Number of protein chains: 2
Amino acid sequence: MSTVTQRRQARTDEIVASAWQLARQHGIAAVSLRALATEVGIRQPSLYEYFDSKHSLYDAMFGQGNRQLLARLDDIELPSDPRAALKAILHAFVEFALEDPTRCELLFERHVPGFTPTDASYALAIEALDRVVTVMHRAGVTDQGDVDCLVAITAGLMQAQLTNDPGGDRWVRHLDRMIDLHLDHVHDRSVS
Amino acid sequence: MSTVTQRRQARTDEIVASAWQLARQHGIAAVSLRALATEVGIRQPSLYEYFDSKHSLYDAMFGQGNRQLLARLDDIELPSDPRAALKAILHAFVEFALEDPTRCELLFERHVPGFTPTDASYALAIEALDRVVTVMHRAGVTDQGDVDCLVAITAGLMQAQLTNDPGGDRWVRHLDRMIDLHLDHVHDRSVS
DNA sequence: GTCTATATCCAGATAGAC
DNA sequence: GTCTATCTGGATATAGAC
């Protein structure tokens, strides 16, 4: 990679980082290109050297967030016990979501009116979900309905936590219990 | 109530109804006072005769939505069996939410940046939740953690349904099964 | 690649005549 | 109670000089 390309990439990364900072301060939907340019230390039109539109800025943020999620899922060492492995990966997912509510807004909620990720960025989100589903399969959760339920339960606890008590654990502390309950349920059905 | 007051109230209701209509077309956050005035057939500044600010318009919508929810919960005939009653009221809740995604956005999600309901309106939301919790208590769900879980599970299924398949039942069709599973779990614990 | 300047459009809110 | 006119501020995006 040429030095020019490197510099450009570094600048782009810096802009995205500043955008996240603004988003954390005022909400993901309230990021304006004016404020972003000020934050970076350039004039607003100069941003168009790096992003075709505000939409493409959001897409870059969406992609980066999902790459962070994938990296996180890569980092965890999955226990060999399938049930423990499922707990581990779902915990990692929830922890990732809770540690940055703003990132959560962009990645998992619909807080940016009119924004839809490009296919390339969306593929990253699909891949992350796929990894979770794979671990579910290994734990014996093969029925699509059961997968849907477990995903919804995890998301429900996470969402309630984020909305009502960010930083606390009133809801997410029940995650393990809910996973056990559901896995037992799935297992009981398969043997009967 | 005087005729003048009646007329004024009728006009106010009409404005709120038009606001809901616009919200359903373009999203709850995209309601503008200009478009609203056009829809009603008056000029934009005239809206301030009925609402002090856009915030207070949202608050009126929030209050109306919650009053509709309370009316719905009043309407259903609760079975005498506590478990059946819980299923009935949670189904009513979910059905209410799914039949109008836009109303859901304002009542249960955070899709209006900067909007927080007044205490009076928020009290209605609390009352609705209280009614659900009361039925939970009667079904033996007395532990706050269990209440939180059931609420989160219901919301999780509802949210997944709304986001991924509005109008369908891929997620919400599991609601009864999840309620049974959870109630059995609560009961097993209490006898052991 | 960054700038100044500007186009274009939109928003919520207020003043004051009628 | 409704209007016209306007204030004030914001947004994204583009043109073209340097």
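Everything quoted here is computed from the prediction, not taken from an experiment. Numbered from 1 within each chain, the chains take letters A, B, ... in sequence-line order.
- Rounding to whole angstrom units, CG of residue A/D52 and P of C/dG1 are separated by 14 Å.
- One can place NE2 of B/H26 at 11 Å from P of C/dA11, the figure rounded to the nearest angstrom.
- Counting only heavy atoms from C-beta on, A/Y50 has its side chain closest to C/dG1 among C/dG1, D/dG1, C/dA11.
- Note on ring orientation: taking the six-membered ring where Trp is involved, the planes of A/F108 and A/F96 are perpendicular (angle over 60°, cut-offs 30° and 60°).
- The residue among A/P45 and A/S32 whose nearest nucleotide of DNA chain D lies closer to the 5′ end is A/S32.
- C/dT14 atom C1' lies 14 Å from atom CG of B/L47, rounded to whole Å.
- Following rounding to the nearest Å, B/E49 (CD) and C/dG16 (C1') show an atom-to-atom distance of 13 Å.
- Here A/R131 pairs with A/D74, A/E127 under the salt bridge (charged side-chain N to carboxylate O under 4.0 Å, His left out) rule; sequence neighbours left out.
- For A/S46, no side-chain nitrogen or oxygen approaches OP1 or OP2 of C/dG1 to under 4.0 Å.
- Of the candidates C/dC3, C/dA11, D/dC3, the closest approach to any side-chain atom of A/R43 belongs to C/dC3.
- Between B/R72 and B/E99, at least one side-chain nitrogen of the basic residue sits less than 4.0 Å from a carboxylate oxygen of the acidic one, meeting the salt-bridge criterion.
- Residue-level contact check: A/V40 touches neither bases nor backbone, having no heavy atom under 4.0 Å from any strand.
- The B/Q44 side chain lies nearest to C/dG12 when the options are C/dG12, D/dT2, C/dT2.
- For the pair B/L36 CG and D/dT2 C1', the computed distance is 15 Å after rounding to whole Å.
- We find that CG of A/L22 is positioned 11 Å from P of D/dA11, with the value rounded to whole Å.
- In this structure, B/F51 reaches neither bases nor backbone, as no heavy-atom distance under 4.0 Å exists between it and the strands shown.
- Remark: C1' of C/dA11 and CG of B/L57 are 14 Å apart, rounded to the nearest angstrom.
- Rounding to whole angstrom units, CZ of residue B/R34 and P of C/dG12 are separated by 8 Å.
- Using the six-membered ring where Trp is involved, A/Y58 and A/F115 have ring planes that are tilted, between 30° and 60° apart.
- Taking a cutoff of 4.0 Å between a charged side-chain nitrogen and a carboxylate oxygen, B/D81 and B/K87 do not qualify as a salt bridge.
- Distances shown here put every side-chain N or O of B/R11 at or beyond 4.0 Å from the OP1 or OP2 atom of D/dG1.
- Neither OP1 nor OP2 of C/dA15 sits under 4.0 Å from any side-chain N or O of B/Y48.
- As judged by a 4.0 angstrom heavy-atom cut-off over every strand, A/R8 is placed among residues touching the sugar-phosphate backbone only.
- Position along DNA chain C of the nearest nucleotide to A/V4 versus B/V31 favours A/V4 as the more 5'-ward residue.
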